Number of protein chains: 2
Amino acid sequence: MTKETTSRSRKPKRGQTREALMAAALELVVKKAPFSALSLREVTKKAGVVPTAFYRHFPDMSALGLTLLDESFRTLRHMMRQVRQEELPNERMLRGSLEVYFNYVRNNRAHFLFVSKELAGGTPTMRNAIRREIRMFTNELAMDMARFPFLNHVNAEDLQMMAGLVVNNVTALTQEMLELEEIDETGQREVLMTAEKQLRLIYFGVGMWRSDKSSS
Amino acid sequence: MTKETTSRSRKPKRGQTREALMAAALELVVKKAPFSALSLREVTKKAGVVPTAFYRHFPDMSALGLTLLDESFRTLRHMMRQVRQEELPNERMLRGSLEVYFNYVRNNRAHFLFVSKELAGGTPTMRNAIRREIRMFTNELAMDMARFPFLNHVNAEDLQMMAGLVVNNVTALTQEMLELEEIDETGQREVLMTAEKQLRLIYFGVGMWRSDKSSS
DNA sequence: AATTCAAGTCAACACCTGTACACTTAATTT
DNA sequence: AAATTAAGTGTACAGGTGTTGACTTGAATT
């Protein structure tokens, strides 16, 4: 009967203050300052809760930050997995993938803003966590490319280099996108078109690449 | 006689507190936190001066930030101008240019760290100022490329796109470089080599590019 | 029905923050 | 030599900060 919520560590039923705190922090990041500049007190205030209540859910602000980071990447990884398993990369699907990705960015603006700001300005712990996630994406992309017959003759190191090139650019374009107003659809379309051209250019370059000269 | 320092607004002779304040802020950015998280008081403390002395040189912290930004880009522009006027871009000089650039980054680590952190986490004013500078570099690179016979048939929009691709990547690699310890020369060499390969790949892609289909 | 306990409140603390104001001092101008 | 002025100091205040400890409360466990 009342056993819906199982065993120990029952979910917070009515008191979803934890979520409120995370949402408040995220909102402040969007419209005020980088996460590292937020104070515990203003987060709790925005969450409509007394400062000391914070400690019932997180030991300190940096713990909140790491939770937020985890949340951001968990959903992003999920989306990436879907895009990836659709088809092997080729020029045709490029446009589609980019549209899906940037649409996702658009719908998760707050999380991306949070990550983007912390990537450069966060604590070392935070920065390393983010860079590790990005490296994971790069690795997965490199693995996908390895399966592409077109690239049989390219060695692992160069595949990594190519994937890095793509990821670097998408990251930069994402940040460019985040700088645009939410309503600026023209600007967003422009970024998308630039992205497509840049990736196509990379695609051409990849086609010409020869992994000779070994790795001196 | 005593007229060495001219007319009004004489240079601060002994009291080079202004420079001390800027140096202190820069040092704190390197080893503590993004500029936006620094307090006026800790900057003055590190500069060995009483808090209220700050106001003799800057109206507030954000003014110090803008001055720091100006200083950062003034010397960077100077270096870029030298590199640029050497020769038209081609594959041979690529390695050399990259070495010069990354060497410069290495020798101005504090300034680059400052800019890198403010690019994402600074005030809107700060972010816009930085993005404007970067856009200027992109434009200049596009102009250089336009002079390249190889690229006669590429229209202006696409040149801009290509320059953007290069700048995006160099920016990302610069940040990667800044994450490395100052003593990690192996890592730095690796970044340099990756950079060279990535730009060469872009170079190949540029060679294949055709600006047809106009801009739909 | 009694008990336990997670999740909330309130009051208080020691500290750090930006800035105003009045004062000194040494150098430059007159 | 006298006057001015840029650049430094010390004190003070009102406000924000993280964190403590003791208290309340209502729902889940027993």
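What you see is a predicted model; the values in this text were computed from it and never measured. What's counted below: heavy atoms across the whole structure, side chains too, no hydrogens, waters or symmetry copies. Convention: sequence-line order gives letters A, B, ...; per-chain numbering from 1.
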Has A:His57 got a side-chain N or O lying under 4.0 Å from the OP1 or OP2 atom of C:dG8? yes
Do B:Ser39 and C:dC16 share a donor-acceptor pair, side chain to base, under 3.5 Å? no
Would you kindly give the CD-to-P distance between A:Glu19 and C:dA7, to the nearest whole Å? 11 Å
Within this structure, what is the CD-to-P distance between A:Glu42 and D:dG18, rounded to whole angstrom? 8 Å
Minimum-distance nucleotide (side-chain atoms of A:Arg56 versus C:dT19, C:dA7, D:dG8): C:dA7
Classify the ring geometry between B:Phe137 and B:Phe73 as parallel (under 30°), tilted (30 to 60°) or perpendicular (over 60°). tilted
Under 4.0 Å between a Lys/Arg side-chain N and an Asp/Glu carboxylate O for A:Arg81 and A:Glu140? no
For atom CG of A:Leu40 and atom P of C:dT17, their distance in whole Å: 17 Å
The residue, B:Arg41 or A:Tyr55, whose nearest nucleotide of DNA chain D is more 5′ is B:Arg41
Residues in side-chain hydrogen bond (donor to acceptor under 3.5 Å, both in side chains) with B:Asn168, at least two apart? A:Asn169
Checking A:Glu179 against B:Asn128: is there a side-chain donor and acceptor pair closer than 3.5 Å? no
Of B:Pro59 and A:Val49, the one whose closest nucleotide on DNA chain C sits nearer the 5' end is A:Val49
Please report, rounded to the nearest Å, how far the P atom of D:dT19 is from the CE atom of A:Met61. 10 Å
d(CG, A:Asp60; C1', D:dT20) in whole Å: 16 Å
Tell me whether the side-chain N or O atoms of B:Thr52 pair up with the base of D:dG10 as donor and acceptor below 3.5 Å, since no angle test is needed here. yes
Starting from P on C:dA6, measure out to CG on A:Leu21 and report it in whole angstrom. 18 Å
Using a strict threshold of under 4.0 Å (side-chain N to carboxylate O), is an ion pair present between B:Lys46 and B:Glu27? yes
Interatomic distance where CZ belongs to B:Phe58 and P belongs to D:dA7 [whole Å]: 12 Å
Please give, in whole Å, the distance from C:dG18 P to B:Lys45 NZ? 11 Å
